[in-house]
Amino acid sequence: MPELPEVEMTRRCLEPWLLQRKIARVRTTASSYFFATPPEQLARRLRGRTVQMLSRHGKYLVALLDDGSRLVLHLGMTGQLFVEQAQNPRLSQAASKTASTAPFRPDRHTHLCVEWEDGGPKIFFRDVRKFGKVRWLAPGESDPRMTRLGVDALQVKASDLHSVARVRRIPIKSLLLDQTVLAGVGNIYADEALFVARLDPRGLACRLTRAECARLVRALHRVLARAMALGGSSIRDYVNPDGVDGRYQTERKVYQRSGQPCVRCRTSIQRVVIAQRSTHFCPNCQKESESERGPRTNLRR
DNA sequence: ACCGCACCCTGAGCGC
DNA sequence: TGCGCTCAGGGTGCGG
């Protein structure tokens, strides 16, 4: 599932293929949940436009067009955005074993195809489960979901996190996944960051001390930076727009490792469900917040 | 304020 | 081999 590192990698890979090129034609599949803007309207609005910038806000990608309108893309869980001439994206586990070098042909899951006037490599948006979204915004129009996004996970400071956390009586894991608090963090990196910060995902956000928030932010930055350096994680369907698998999954310490030994203490990694999401942690080295263990007894020196 | 659940969707993995 | 079932999972919206 694409989270901040995967979306940012996608942005960096894709941008050079988009900039200053005029859209000749947009092909889509039939109207569906995927199209927040109906496909016919989308095709009409995009024809003749030029992309001036591709930016990222949390897990959203935004293409700024020459008439001031914008194309908003969200990869959802299984979305793949890639260029035609790239190596073939992995279409499925089965396909990857056989036809991984064959040129890509749009299939029934390829919901968007952008063709350019200069005849350059096409851009494809493929999404098996259609949890992704594509929306066109008129100049000045805004998307309420994007407006409500919290501070980007790469930019967040310990003080930001602490001021939000202290008033929320929810598990820390839930707080990290809340896009209105922190934009870009998803299930994988939330679990990994909590492991690095040695914090129990079930602990209440309001119990986090300043020091713990600082530790968590450091862990988050470290984990996200490392993931980007390795080209993201290819846990399920992610491949970057050049068709290359990310390699971060080989560095996972807890995510989808339940039952396996903790890399620090060999305790069996546990899986619980928090906020309807599977959560993986080490019950031994991820401790609840200091302030949750009652008043400090440092009067006794 | 917070929780639980339904919904969107398809493929993987299971038991038979 | 193949059928039918269940489940996963990000984001959102709703009712409690």
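We name chains A, B, ... by the order of the sequence lines, and we start the count at 1 in each one. Here the structure is a predicted model, which means the values were calculated and not measured.
Look at CD1 on A/I172: it is 14 Å from P on B/dC2, rounded to the nearest Å. Atoms CD (A/Q179) and C1' (C/dT12) sit 12 Å apart, rounded to a whole Å. The nearest whole Å value for the distance from the CE atom in A/M77 to the C1' atom in B/dC9 is 10 Å. For the pair A/K173 NZ and C/dG9 C1', the computed distance is 11 Å after rounding to whole Å. Atom pair A/D143:CG and C/dT12:C1' shows a separation of 12 Å (rounding to whole Å applied). Distance, A/R148 CZ to C/dG11 C1': 10 Å, rounded to whole Å. Separating the CG atom of A/L177 from the C1' atom of C/dG9 is a distance of 11 Å, rounded to the nearest angstrom. Rounded to an integer number of Å, the gap from CG of A/D178 to C1' of C/dG10 is 13 Å.
For B/dC3, the OP1/OP2 oxygens have no side-chain nitrogen or oxygen of A/Q276 closer than 4.0 Å. Proximity of A/K133 to the phosphate of C/dG11: no side-chain N or O atom is located under 4.0 Å from OP1 or OP2. At the phosphate of C/dG9, OP1 or OP2 sits under 4.0 Å from a side-chain N or O atom of A/S278. Using a 4.0 Å cut-off, no side-chain N or O of A/R129 falls inside it from OP1 or OP2 of B/dA12.
By the 5.5 angstrom centroid cut-off and the 30-degree plane limit, A/F131 is classified as stacked against the base of C/dG10. Remark: ring of A/Y33 does not overlap the six-membered base ring of B/dC9 in a stacked fashion, as centroids less than 5.5 Å apart with planes less than 30° apart are not both met.
Nearest to the side chain of A/R168, among B/dC2, B/dT10, C/dG9, sits B/dC2. Listed nucleotides B/dC9, B/dC2, B/dT10 differ in distance to A/R108; the shortest reach to its side chain belongs to B/dT10. Residue A/N187 places its side chain closer to C/dG10 than to any other of B/dC2, C/dG11, C/dG10.
A/A205 approaches A/L175 most closely through the heavy-atom pair CB-CD2, 4.0 Å. Across A/R169 and A/C206, no two heavy atoms sit closer than the pair CG-SG, 3.9 Å. Nearest heavy-atom pair, A/C262 versus A/F195, reported as atom, atom and distance to 0.1 Å: SG-CE1, 3.7 Å.
Contact annotation: side chain of A/R145 to base of C/dG11, donor-acceptor pair absent below 3.5 Å.
The aromatic rings of A/H111 and A/F34 sit tilted, their planes meeting at an angle between 30° and 60°.
In this structure, B/dG13 and C/dC5 make a Watson-Crick or G-U wobble pair, each of the two defining distances being under 3.5 angstrom.
Side chain to side chain, A/E6 and A/Y189 meet the donor-acceptor criterion of an N or O pair below 3.5 Å.
A salt bridge does not link A/D118 with A/K22: every distance from a Lys NZ or Arg NE/NH1/NH2 to an Asp or Glu carboxylate oxygen is 4.0 Å or more.
For the pair A/P171 and A/H109, both in contact range of DNA chain B, the more 5′-proximal nearest nucleotide belongs to A/P171. Heavy-atom nearest nucleotides on DNA chain B were determined for A/K130 and for A/V167, and the one closer to the 5' end corresponds to A/V167.
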